[in-house]
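One structure is given here, and the rest of the page talks about it.
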Amino acid sequence: MNSFLKFLLLKGHMLLSLFEIGQFIILTLALGYIFSGFIKTDPYKPRKLFDWEDIKFAAIVSTPAVVLHEFGHKFVALAFGLDATFYVWGTGLIIGIILKAINSPFLFLAPAYVAISGSALPYQSALIAFAGPFVNLLIYVVSIFVIKTKKKMSDKELIGWTISKRLNIFLFIFNLIPIGPLDGAQVLNGLMGMF
């Protein structure tokens with residue numbers, strides 16, 4: 001087995017299937033479009049239905065926050081020997097795309113999830129649920145570090161890192177609210193299940 005295939009395997013599970021890579025591409029394009037009204041290369045530029053430069057910039061800034069969050073869940077579940085598959089939630093993306101198309105001033109977004117099968121122990125469930133928000137916290141810290149330490153940064157880079165910082169701390173806090181389907185409820189349930 002070559003080294004690339006070994007890299008893609010974790011305890012006998014593929015880290016990413018071709019299906020998931022396809023889902024990732026779809027999600028990246030959709031997030032770029034959805035966030036392009038909120039994340040722009042020039043904050044004073046008027047909103048447009050379709051601006052390719054803003055779509056690319058928004059995808060670069062927003063996709064890591066969403067995708068790496070979900071991959072955090074997936075990879076921790078795989079490390080525990082569970083099956084985990086990354087999916088785009090079509091309904092959530094369609095709502096986000098419609099809101100962007102009608103120039104809605106607010107954003108609803110629940111674009112993806114990880115389906116996990118197998119029996120997880122309570123502490124495993126808590127760690128799997130916490131992994132996503134923890135990734136957002138790490139990206140937040142990296143964003144702060146880059147902003148504070150990079151000597152020369154273009155306005156576009158500064159805007160990107162600043163938005164990344166804000167988006168990731170929001171996702172960290174929001175996802176840890178212990179209600180409904182949010183990660184915080186699953187973390188709490190897992191912790192309570194341990195006792």
Side-chain angles (χ1 to χ4, degrees), residues 1 4-31 34-35 59-96 107-145 164-195:
M1 184 178 300
F4 180 69
L5 284 178
K6 286 181 184 175
F7 170 76
L8 289 176
L9 292 175
L10 179 66
K11 291 191 174 184
H13 298 275
M14 286 294 289
L15 286 182
L16 290 174
S17 66
L18 289 177
F19 169 80
E20 290 171 308
I21 292 169
Q23 296 278 290
F24 167 75
I25 292 167
I26 291 167
L27 183 62
T28 299
L29 294 172
L31 288 174
I34 292 166
F35 277 101
I60 290 167
V61 173
S62 65
T63 300
V66 175
V67 171
L68 294 178
H69 172 106
E70 297 303 334
F71 285 177
H73 296 309
K74 176 182 171 67
F75 297 152
V76 171
L78 289 176
F80 286 128
L82 303 169
D83 289 323
T85 306
F86 171 76
Y87 290 98
V88 166
W89 185 47
T91 303
L93 276 188
I94 289 169
I95 291 169
L107 177 66
F108 165 82
L109 196 64
Y113 64 96
V114 172
I116 299 168
S117 58
S119 295
L121 298 171
Y123 84 92
Q124 293 172 329
S125 293
L127 288 173
I128 292 166
F130 183 70
F134 181 70
V135 169
N136 291 123
L137 182 62
L138 288 178
I139 298 171
Y140 168 76
V141 170
V142 167
S143 298
I144 290 173
F145 179 78
S164 174
K165 178 182 77 166
R166 291 178 183 162
L167 177 61
N168 280 286
I169 196 62
F170 170 78
L171 290 174
F172 172 74
I173 293 168
F174 178 76
N175 277 290
L176 284 179
I177 296 172
I179 58 170
L182 296 178
D183 296 328
Q186 296 173 39
V187 170
L188 184 61
N189 289 339
L191 292 174
M192 289 173 57
M194 290 169 50
F195 300 104

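Quantities reported herein were computed from a predicted structural model and do not represent experimental measurements. For this chain, numbers begin at 1 and follow the sequence in order.
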task = Check the pair Thr63 / Phe24 against side chain to side chain contact (heavy atoms under 4.5 Å, CB included), numbers first and verdict last.
result = CA-CA 9 Å; Thr63 300; Phe24 167 75; 4.0 Å; yes
request  = Quick one: do Leu82 and Ile128 satisfy side chain to side chain contact (heavy atoms under 4.5 Å, CB included)? Show the steps, please.
outcome  = CA-CA 10 Å; Leu82 303 169; Ile128 292 166; 3.7 Å; yes
request  = Go through the steps for Asn136 and Tyr140 under the test side chain to side chain contact (heavy atoms under 4.5 Å, CB included), then give the verdict.
outcome  = CA-CA 6 Å; Asn136 291 123; Tyr140 168 76; over 6 Å; no
ask   = Going through the distances and angles, do Glu70 and Leu27 end up as a side chain to side chain contact (heavy atoms under 4.5 Å, CB included)?
value = CA-CA 12 Å; Glu70 297 303 334; Leu27 183 62; over 6 Å; no
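What you find for Phe172 and Phe134 is that their closest heavy atoms are CD1-N, 4.4 Å. For the pair Glu20 and Ala84, the tightest heavy-atom approach, listed with the atom from each and the gap, is OE2-O, 3.9 Å. Summarising the geometry of Ala115 relative to Tyr87, their closest heavy-atom pair is CB-CE1, 3.6 Å, with the distance given to 0.1 Å. Here the closest non-hydrogen pair linking Thr85 and Lys74 is CA-NZ, 4.1 Å. Nearest heavy-atom pair, Phe130 versus Val187, reported as atom, atom and distance to 0.1 Å: N-CG2, 3.5 Å. Nearest heavy-atom pair, Ala65 versus Asn168, reported as atom, atom and distance to 0.1 Å: CB-OD1, 3.4 Å.
Note that the CD1 atom of Ile26 and the CD1 atom of Ile21 stand 12.5 Å from one another [nearest 0.5 Å]. Rounding to the nearest 0.5 angstrom, the gap separating the CD1 atom in Ile95 from the CD1 atom in Ile34 is 10.0 Å. Rounding to the nearest 0.5 angstrom, the gap separating the CG atom in Asn175 from the NE2 atom in His69 is 4.0 Å. Considering CD1 of Ile177 and CG of Leu188, their distance stands at 13.0 Å, rounded to 0.5 Å.
A donor-acceptor pair is defined here as one N or O able to donate and one able to accept, closer than 3.5 Å; no such pair exists between the side chain of Gln186 and the backbone of Asp183. Judged by distance alone, with hydrogens and angles left aside, the side-chain atoms of Gln23 form a donor-acceptor pair with the main-chain N or O of Val88 at under 3.5 Å. No donor-acceptor pair closer than 3.5 Å links the side chain of Lys165 to the backbone N or O of Ile144.
In this structure, Phe75 and Phe71 have tilted ring planes: the angle between them lies in the 30° to 60° band.
The environment of Tyr113 atom OH is dense: over 12 non-hydrogen atoms of other residues, nucleotides or ligands sit within 6.0 angstrom. Annotation: Phe145, atom CZ; neighbour count of heavy atoms from other residues, nucleotides and ligands within 6.0 Å does not exceed 12.
Two residues are said to be in side-chain contact when any heavy atoms from C-beta on lie closer than 4.5 Å; Ser125 and Asn189 fail this criterion.
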